[in-house]
Each structure stands twice: as structure tokens, then as C-alpha cells.
Visitor: 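First the structure, then my questions, so here it is.
Note that ligands are numbered from 1 as they come in the structure, with each ligand's atoms numbered from 1 the same way.
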Amino acid sequence: MNPRTVATTPFNDQKPGTSGLRKKVTVFQVANYLENFVQAIFDTIAAPAGSTLVVGGDGRYYNREAIQIILKIAAANGFGKVLVGQGGILSTPAASCVIRKYQTYGGIILSASHNPGGPDGDFGIKYNTANGGPAPEKITDTIFARSKALESYRIVDAPDVALDQQGSFSLGGMKVEVIDPVADYADLMESLFDFAAIRTLIKGGFRLCFDAMHAVTGPYAKEIIEKRLGAPAGTVINGVPLPDFGQGHPDPNLTYAHELVEIMYGASAAFDSAQATPTLLLPERSRRPDFGAASDGDGDRNMILGNHFFVNPSDSLAVIAANAALAPGYAKGLAGVARSMPTSGAADRVAAKLGIPCYETPTGWKFFGNLMDAGKVTLCGEESFGTGSDHVREKDGMWAVLFWLNILAKRGQSVEDIVHQHWAEYGRNVYSRHDYEGLPSDAAEGLMAHLKSQFASLPGQKFGSYTVKLFDDFSYTDPIDGSVSTGQGLRVIFEDGSRIVFRLSGTGTEGATLRIYLEAFESDAARQRMDAQEALGELISIAHELSQLKARTGREQPTVIT
Ligand code: VG1
Ligand code: CO
């Protein structure tokens, strides 16, 4: 089977965003659109002949078709072997695990993460390097440049590979190994956490619920939580990955993971009738689960809930850092921690107490890779429900859930008590993110331009009890390779350390999403349990005033509040 060279014309919009190239499925279905991008990746990475690649995705619509195309292009480009998850499935952290474990040249992950799926939904593709992490900007920039100049791609003509059975197949001289997508990852988790202690906790009547949101983590959660940790069948809900995620929005937050929220906060009638499981309709506090968790489309995000209690992701990172020694894989201590700029400073306080460094990076996991590779940090986190460590080079939803279970098993306290004690010890970085989704792009860009026009005038100005100390556009110099990333979010920092950050999302596919991040510090234990929206009320109005939000977007209420 000889590779065929196909003439093509370049697309000019294949610029990877925060996490790979994300577009509507219908865009990826345009003739040569996916082919061009994959060829641009292969031209850029220039893997030596015979290299091994990992390919898998979150199971969304077009996953299978895309994998067949990628395999045929890989064969034509001289790869020797491709490891593919059975059924085309690999969660993002599992793909990272497999790339590292088998020391492959890199991997291609097919996912649009938390974006909805289905024929009218979103699709995505990204390249991860040999360390298992998302390609850094210098590679994604080169891929983009290459995509704009591409004149042809290479592909073999061959029948599709049967992805549903494990085994070894040959495709135009290249070996395709269809592997168990869960086993390697589950073994890695078992090596990091005290599974025996968690099993004992669950056996003792501790109740938990994991919502896989019909996305990729279903098979992982069933194997790990129900099988290896002995939780009763049914602990994992929505555990079958569906190409359209059951028409849901696989984003584990209080808005989109509503089924889990209803279980953890007191079930609603709607939930009862939809599920026809009256045993889950348990309004009293004492009968709700002790712990709830959800993950996103590709399994790299996590939401942690206690009984009627929400753990803010920024706090989750701090609590994990403070309690890391309770998990066997981290008993030897942490080298350092890192958080993205908009993530609250709660982790910084823990790092200071532990006497370890805390790094502040731009949004997106790709910025943590160098720090982890250099051994500078062990834990990393983002406010957007992303937490992880140097066990892989992606954020990892299931890992965070298991870390919490390990902490709960060792401390024997409730989720709520652990967080309250944490605040009492370190103070609370009261935090919230307001998302305004689906804004017209020009309105969103106009709003950002208006903010930028105030760089010079804002410092020193007083707004109620707050005085602006600094206003800038965050830029980052990577301490390892010296690369500079600019335009990473507008930060208004006040004299007392409170902050408002404005950013436009780099993962959406329709219009623009404005994210407003709000943070204030509360040291007074008597005020720490205040509702975050209430505590941040004044900052919220300042954010609206500075950005002329209502006038420019017609909106006053966020689409999602975290
Ligand atoms: C969002 C989050 C960011 C995260 C990224 C990818 O990006 O804010 O923290 O790394 O999604 O996560 P943006 O540019 O939309 O704010 V995932 O779970 O899509 O791989
Ligand atoms: Co994700």
C-alpha cells in the first residue's frame, strides 16, 4: 500500500487555542480540514521514521471517523506504531499516562473537553509531546504557520481498523495496537493513593456519587471506584460515554452538573422522575451522600462536593497541597506548586507555610509542563476545575477525586469540616468566576479594548473601599526556556490584594466568552463562611463599572457562576 499524496489548499483558521484546535464538527467534516491539520502536525514534529504515536479521544461524535483518518495519515508519514484506546477512547490524562509509560514520540488527543458534542456540537484535536503534555506555544505556533502554507498531505488507502477489539493490526506497513484504555491509568492511580484506606472508608458506610456526565470517565470511574475501591454498583451515574454526551454539556460545574448537584444538595422532583430511583430522593442531610464528584468531557476536570457543600477549585488545590503527605505517592513532600494567574492565591498561602515555591502561569495546562519536567513543581491547578500533578502532564479529574477520597479516609472528617478548618488556618481567599457566554465577538473585543484604554488612568483611583494598585495585561516569562507569552488577561489589583481579572476564553467555538474572576481575602474566621457572591458584591459592581458590561453586552447576569 503506497502512500498517496493529495493536493490541498490551506485553511487560514487552524490556530490552536488554550487547548488545541476546537471547531464545530461541521467544520472538521469539510473535505481536507482534519487531514490538513494532521499533516501540519506531522510536518512540524518531524518524528523519525518508525516512531510510536498514541491516539485516542473522549468518544464524542466524529471521534471514530477522525481516528481512522489520523491512522492512515500516520502510516503514510512513516510512523512505525500507533497505540489506540479500544473504541477510540482515551481520557486526556490516560493518554498522557500512556505516552509516558510507553515512551512514545507523542500523541494526538481528540477532544473539545467541556464543549457540547454531537453532529452540531464541537470537535477538537491537539498534539501532546513525549513528556505527555500539551505541546508548548512554540510548537502550536509552528503547526499553525505550517497549516497556512500546506499544499498536500499524505495518506494510505486502506480499510478501516477495527477499533472495538484489543489486539495488533497492520495498516499499510504500520502497526496499530488497540489497547485497554483504562488499565494503565488505573494502575498508576493505585500506585499513588492509599486504596486500602479508601476501601475501608467505603466499607464503613461512607457514601459517594460520581457523575461521569455521559463522557469519557465512565469506564475509568467504574473500574476504579466501583471495582477496585468496592463502592456499590450505581455509585457512578451517567457512566456510559455517548457521542453527544446525552445532549448534555459535560462541564462539571454547579450549572451543568445539575443532576449531581440535586443529589448532593437535596434532590428535586425532576430528578426523581427522570431517574425513577426514589431511593436517591433523600432530602435530609443525614441521608445524602458524603461526597460527590463529576468530571468533564475528556476527564481532565473535576468538581468536588460535600454534603450540601461546594469546594471551590482554587480551594481544592490548596487543600490537596496542605494534605498531600497523606497520600503515599506524595508522602515525600512537594517540590513546589503552580497555579494559573486567574486561580486564587489560596495555594500560595499553603506553599508559603510549607516553605516551597509557588509559580504563577498563564491559563492552560501547557504552561505547567516545563516546571514539572524541571522538577520545580509537584502540584498544579487552575480555577477552572483543573488539578493535577507530575504523575502525568495533563490535569486529571479522577486523580483529584481519589486525592480527596484519600484525604477523607485519613482524616475521618467531612468535606465541609476540612475546608472550614483550612480557612481557619490559612484565611480564605473568597473567590468566584463569572462567565458571560455567547457574546458577539465585537462587543467582547470592544469591552476588552475599553478596559485597556484605562491602563494609565486607573492606578490610584478609589472605588468604594477599594483603591487600584496595579492594572496590567499579564505576561509570563517561562523560567525554564525563557519563552514569553503576552496578553494573558487583564489584572486589576487593589491595595489590599483583592483582584478582578478579565479574560476572553480561548476554547469556545461560537462568539466570545468573557470570564471575570473575582478574589478577596478574608482572615476573620467569623466572616469566612459568608456566601461568596455576597462577600464579593462590591468587587462585582466595580467589575461591571470598569468594563461597561451592561452597555456593551446588554448582559448583567452571568451565564455560569462558579
Ligand atoms: C478553559 C479554562 C482553562 C483550561 C482550558 C482547557 O480555557 O479556563 O483553565 O485550561 O479551558 O480545559 P479558556 O481559554 O476557555 O478560559 V479543558 O478541560 O478544555 O482541556
Ligand atoms: Co477537559
Visitor: With a cut-off of 4.0 Å, which atoms of ligand 1 are near a heavy atom of Asp296?
Guide: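 Numbered from 1, ligand 1 contributes 18 (O).
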
Visitor: Can you list everything that forms a side-chain contact (heavy atoms from CB on, under 4.5 Å) with Ser384? Sequence neighbours excluded, please.
Guide: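 Expected list: Arg301, Glu382, Arg433.
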
Visitor: Sorted by chain and residue number, which protein N/O/S atoms are under 2.8 Å from the Co ion (ligand 2)?
Guide: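 Result, waters dropped: Ser113 OG, Asp296 OD2, Asp298 OD1, Asp300 OD1.
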
Visitor: Does even one non-hydrogen atom of Ser340 get within less than 4.0 Å of ligand 1?
Guide: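 Not so, Ser340 does not reach ligand 1.
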
Visitor: Considering only heavy atoms, does Thr18 approach ligand 1 within less than 4.0 Å through its side chain, its backbone, both, or neither?
Guide: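 Within the 4.0 Å criterion, Thr18 contacts ligand 1 through side-chain atoms alone.
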
Visitor: So is Lys366 close enough to ligand 1, meaning a heavy atom under 4.0 angstrom away?
Guide: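 No, Lys366 has no heavy atoms under 4.0 Å from ligand 1.
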
Visitor: Under 6.0 Å from the six-membered ring centre of Phe474 and within 45° of its axis: does the NZ or CZ of Arg503 meet both?
Guide: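 Checked: cation-pi criterion not met.
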
Visitor: For ligand 1, which atoms, with element, lie under 4.0 Å from some heavy atom of Thr363?
Guide: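 Reading through ligand 1 atom by atom, the close ones are 3 (C), 8 (O), 9 (O).
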
Visitor: May I ask you to decide if the ring planes of Trp399 and His391 are parallel, tilted or perpendicular, using 30° and 60° as cut-offs?
Guide: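 Ring orientation, 0 to 90° scale: parallel.
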
Visitor: Which option wins on minimum heavy-atom distance to atom 5 (C) of ligand 1: Glu383, Arg301, His114, Arg22?
Guide: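 Among Glu383, Arg301, His114, Arg22, the closest heavy atom to atom 5 (C) of ligand 1 comes from Arg301.
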
Visitor: What pairs with Glu445 under side chain to side chain donor-acceptor pair (under 3.5 Å), at least two apart in sequence or on another chain?
Guide: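 Applying side chain to side chain donor-acceptor pair (under 3.5 Å) to Glu445 gives none.
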
Visitor: Which atoms of ligand 1 sit under 4.0 Å from any heavy atom of Gly364?
Guide: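 The list of qualifying atoms is 10 (O).
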
Visitor: Could you pull out, from Glu382, Arg515, Lys395, the option with a heavy atom nearest to atom 6 (C) of ligand 1?
Guide: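 Closest candidate by heavy-atom distance is Lys395.
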
Visitor: Could you tell me which atoms of ligand 1, counted from 1 in the order shown, lie closer than 4.0 angstrom to a heavy atom of Gly506?
Guide: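 So the answer, numbered in order with elements, is 13 (P), 14 (O), 15 (O).
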
Visitor: Looking at Thr343 and Glu383, would you say the former's side chain and the latter's main chain have a donor-acceptor pair under 3.5 Å?
Guide: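 Checked: pair present.
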
Visitor: What protein heavy atom lies closest to atom 17 (V) of ligand 1? Include the residue and the distance to one decimal.
Guide: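 Scanning the protein heavy atoms, the shortest distance from atom 17 (V) of ligand 1 goes to Ser113 OG, 2.8 Å.
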
Visitor: How far apart are the C-alpha atoms of Tyr62 and Leu110, what are their side-chain angles, what is the distance that settles it, and do they pass the side chain to side chain contact (heavy atoms under 4.5 Å, CB included) test?
Guide: CA-CA 9 Å; Tyr62 203 55; Leu110 303 168; over 6 Å; no

Visitor: Once you restrict to heavy atoms under 4.0 Å, what part of Ser19 touches ligand 1? Side chain, backbone, both or neither.
Guide: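 It is the side chain that gets close, since no backbone atom is under 4.0 Å.
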
Visitor: Tell me, with the steps shown, if Ile109 and Asp58 meet side chain to side chain contact (heavy atoms under 4.5 Å, CB included).
Guide: CA-CA 8 Å; Ile109 302 179; Asp58 61 14; over 6 Å; no

Visitor: Exactly one of Gln533, Arg515, His544 should register a side-chain hydrogen bond (donor to acceptor under 3.5 Å, both in side chains) with His434. Which one does?
Guide: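 Only one option passes, and that is Gln533.
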
Visitor: For Asp373, is there an ion pair with Arg393 - N to carboxylate O distance below 4.0 angstrom?
Guide: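 Between Asp373 and Arg393 there is a salt bridge, with a charged N closer than 4.0 Å to a carboxylate O.
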
Visitor: Check whether any side-chain heavy atom of Leu260 lies under 4.5 Å from a side-chain heavy atom of Met213, and answer yes or no.
Guide: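 A side-chain contact is absent here, since even the closest heavy-atom pair is not under 4.5 Å.
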
Visitor: Tell me the protein heavy atom at minimum distance from atom 20 (O) of ligand 1, and give that distance in Å.
Guide: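 Protein heavy atom at minimum distance: Asp300 OD2, 3.0 Å.
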
Visitor: Looking at atom 7 (O) of ligand 1, what's its closest protein heavy atom, distance included?
Guide: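 I find the closest protein heavy atom is Thr507 CG2, 3.5 Å.
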
Visitor: Take Trp365 and Thr18 through the side chain to side chain donor-acceptor pair (under 3.5 Å) test and state the conclusion after the steps.
Guide: CA-CA 8 Å; Trp365 210 260; Thr18 311; over 6 Å; no

Visitor: Between Gly57 and Asn63, what is the shortest heavy-atom contact and its length?
Guide: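 Heavy atoms only, the tightest pair is CA-OD1, 3.4 Å.
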
Visitor: Among protein heavy atoms, which sits nearest to atom 9 (O) of ligand 1, and what does the distance come to when rounded to 0.1 Å?
Guide: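 For atom 9 (O) of ligand 1, the nearest protein heavy atom comes out as Ser384 OG, 2.6 Å.
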
Visitor: Can you tell me if Arg433 has a non-hydrogen atom under 4.0 Å from ligand 1?
Guide: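 So Arg433 counts as touching ligand 1.
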
Visitor: Looking only at heavy atoms of Glu394, does any of them come nearer than 4.0 Å to an atom of ligand 1?
Guide: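 In this structure, Glu394 fails to qualify as a contact of ligand 1 - no heavy atom is under 4.0 Å.
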
Visitor: List every atom of ligand 1 that sits less than 4.0 Å from any heavy atom of Arg503, numbering the atoms from 1 in the order shown and giving each element.
Guide: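 Selected atoms, number and element: 13 (P), 14 (O), 16 (O).
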
Visitor: Got a salt bridge between Lys24 and Asp122, using NZ or NE/NH1/NH2 to carboxylate O under 4.0 Å?
Guide: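 Between Asp122 and Lys24 there is a salt bridge, with a charged N closer than 4.0 Å to a carboxylate O.
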
Visitor: Determine whether the side chain, the backbone, both or neither of Thr92 has a heavy atom under 4.0 Å from any heavy atom of ligand 1.
Guide: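 Near ligand 1, Thr92 shows nothing, with every heavy atom at 4.0 Å or more.
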
Visitor: Any salt bridge linking Asp13 with Lys148? Criterion: basic side-chain nitrogen under 4.0 Å from a carboxylate oxygen.
Guide: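 Salt bridge: no.
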
Visitor: With sequence neighbours excluded, what pairs up with Phe310 under the side-chain contact (heavy atoms from CB on, under 4.5 Å) test?
Guide: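 With neighbours one apart ignored, the set is Leu254, Tyr265, Met303, Leu305, Asn312, Pro313, Phe385, Thr562.
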
